[in-house]
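Heads up: the structure comes next, in structure tokens.
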Amino acid sequence: AKVVVEKHRHEGVFIARGKEDALVTKNMVPGKAVYGEKLIKVDDEAGDKVEYRVWNPFRSKLGAAILGGVKAIFMGPGSKVLYLGAASGTTVSHVSDLVGPSGLVYAVEFSHRPGRDLINMAKTRTNVIPIIEDARHPLKYRMLVSMVDCIFADVAQPDQARIVALNAHYFLKHG
């Protein structure tokens, strides 16, 4: 079956049109899937093979938001993103694809079990910096994080707004 990949309105995100349409990101590490997702190879205009990874919206709140028509994701190629609540890095890997080699993802996860998977995923993705630390204490990782364009938070905490505001205070660029 012939698959055509077209740009989505969010830069760095694509739609693969085939038997079923799928949300995809351009794989920064061709040949390697992160969580068993399908890989799609397509020829670009120059005739070169480009590989995309299917982004499962049932395993990613950001993926679901994009499919749901969210107006802006505030990240794109070249962006620096602080990702709070990175878990094992499923969504982080797609954010890594969409910010690309000139972008950076600071992935903060407190829990050691998923943190191991996050670290392993980051070994092949040079733009992901895994940080196994509590997002409630941003001063503990301030030496690792530069100013960012965007903060994405998926922390299951009753005070998550406070956690985001605190991190924004230290790391979010003004404007």
Drop me the distance from [X]'s [atom1] to [Y]'s [atom2], to the nearest 0.5 angstrom.
{"X": "Arg125", "Y": "Ser96", "atom1": "CZ", "atom2": "OG", "value": "4.0 Å"}
{"X": "Leu118", "Y": "Thr90", "atom1": "CG", "atom2": "OG1", "value": "9.5 Å"}
{"X": "Cys150", "Y": "Ile73", "atom1": "SG", "atom2": "CD1", "value": "8.0 Å"}
{"X": "Thr25", "Y": "His8", "atom1": "OG1", "atom2": "NE2", "value": "12.5 Å"}
{"X": "Gln160", "Y": "Arg136", "atom1": "CD", "atom2": "CZ", "value": "12.0 Å"}
{"X": "Asn27", "Y": "Asp97", "atom1": "CG", "atom2": "CG", "value": "5.5 Å"}

Are [X] and [Y] side-chain neighbours, meaning at least one heavy-atom pair lies under 4.5 Å?
{"X": "Glu109", "Y": "Pro130", "result": "no"}
{"X": "Ile132", "Y": "Ile119", "result": "yes"}
{"X": "Val148", "Y": "Val81", "result": "no"}
{"X": "Asn167", "Y": "Leu172", "result": "no"}
{"X": "Leu67", "Y": "Trp55", "result": "no"}
{"X": "Val3", "Y": "Arg17", "result": "no"}

Heavy atoms only: give me the nearest [X]-[Y] pair and the separation to one decimal.
{"X": "Ala64", "Y": "Pro57", "result": "CB-O, 3.5 Å"}
{"X": "Leu84", "Y": "Ala135", "result": "CD2-CB, 4.0 Å"}
{"X": "Ala16", "Y": "Val24", "result": "CB-CG1, 3.9 Å"}
{"X": "Pro101", "Y": "Met28", "result": "N-SD, 3.8 Å"}
{"X": "Lys80", "Y": "Met147", "result": "CD-O, 3.5 Å"}
{"X": "Arg142", "Y": "Leu139", "result": "NH1-O, 2.7 Å"}

Parallel, tilted or perpendicular: which fits the ring planes of Phe14 and Tyr52, with parallel below 30° and perpendicular above 60°?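 Perpendicular.
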
Please lay out, stage by stage, how Ser88 and Tyr35 fare under the test side chain to side chain donor-acceptor pair (under 3.5 Å). CA-CA 9 Å; Ser88 56; Tyr35 56 97; over 6 Å; no

Lys/Arg N to Asp/Glu carboxylate O, [X] vs [Y], below 4.0 Å:
{"X": "Lys49", "Y": "Asp44", "answer": "no"}
{"X": "Asp149", "Y": "Lys173", "answer": "yes"}
{"X": "Lys26", "Y": "Glu51", "answer": "no"}

Inspect the surroundings of NZ in Lys61 and state if more than 12 heavy atoms from other residues, nucleotides or ligands are less than 6.0 Å away.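 Atom NZ in Lys61 is not crowded, with 12 or fewer foreign heavy atoms closer than 6.0 Å.
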
Cluster link [X] to [Y], ILVMFWY, side chain under 4.5 Å:
{"X": "Val128", "Y": "Val29", "answer": "no"}
{"X": "Leu144", "Y": "Val95", "answer": "no"}
{"X": "Val155", "Y": "Leu166", "answer": "yes"}
{"X": "Phe152", "Y": "Leu98", "answer": "yes"}
{"X": "Leu62", "Y": "Val99", "answer": "yes"}

With side chain to side chain contact (heavy atoms under 4.5 Å, CB included) as the test, would you mind laying out the steps for Val5 and Ile15 before giving the verdict? CA-CA 6 Å; Val5 173; Ile15 301 284; over 6 Å; no

Strictly under 6.0 Å, is that where the ring centroids of Phe171 and Tyr141 end up?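 Yes: the rings meet the under 6.0 Å criterion.
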
Determine, step by step, whether Asn56 and Glu37 satisfy the side chain to side chain contact (heavy atoms under 4.5 Å, CB included) criterion, reporting the C-alpha distance in whole Å, the side-chain angles of both residues, the deciding distance to 0.1 Å, and the verdict. CA-CA 8 Å; Asn56 184 344; Glu37 72 280 15; over 6 Å; no

Derivation of the side chain to side chain contact (heavy atoms under 4.5 Å, CB included) call for Val34 and Arg53: CA-CA 9 Å; Val34 172; Arg53 298 169 49 234; 3.6 Å; yes

Step by step, work out the side chain to side chain contact (heavy atoms under 4.5 Å, CB included) result for Leu23 and His94. CA-CA 11 Å; Leu23 192 66; His94 288 288; over 6 Å; no

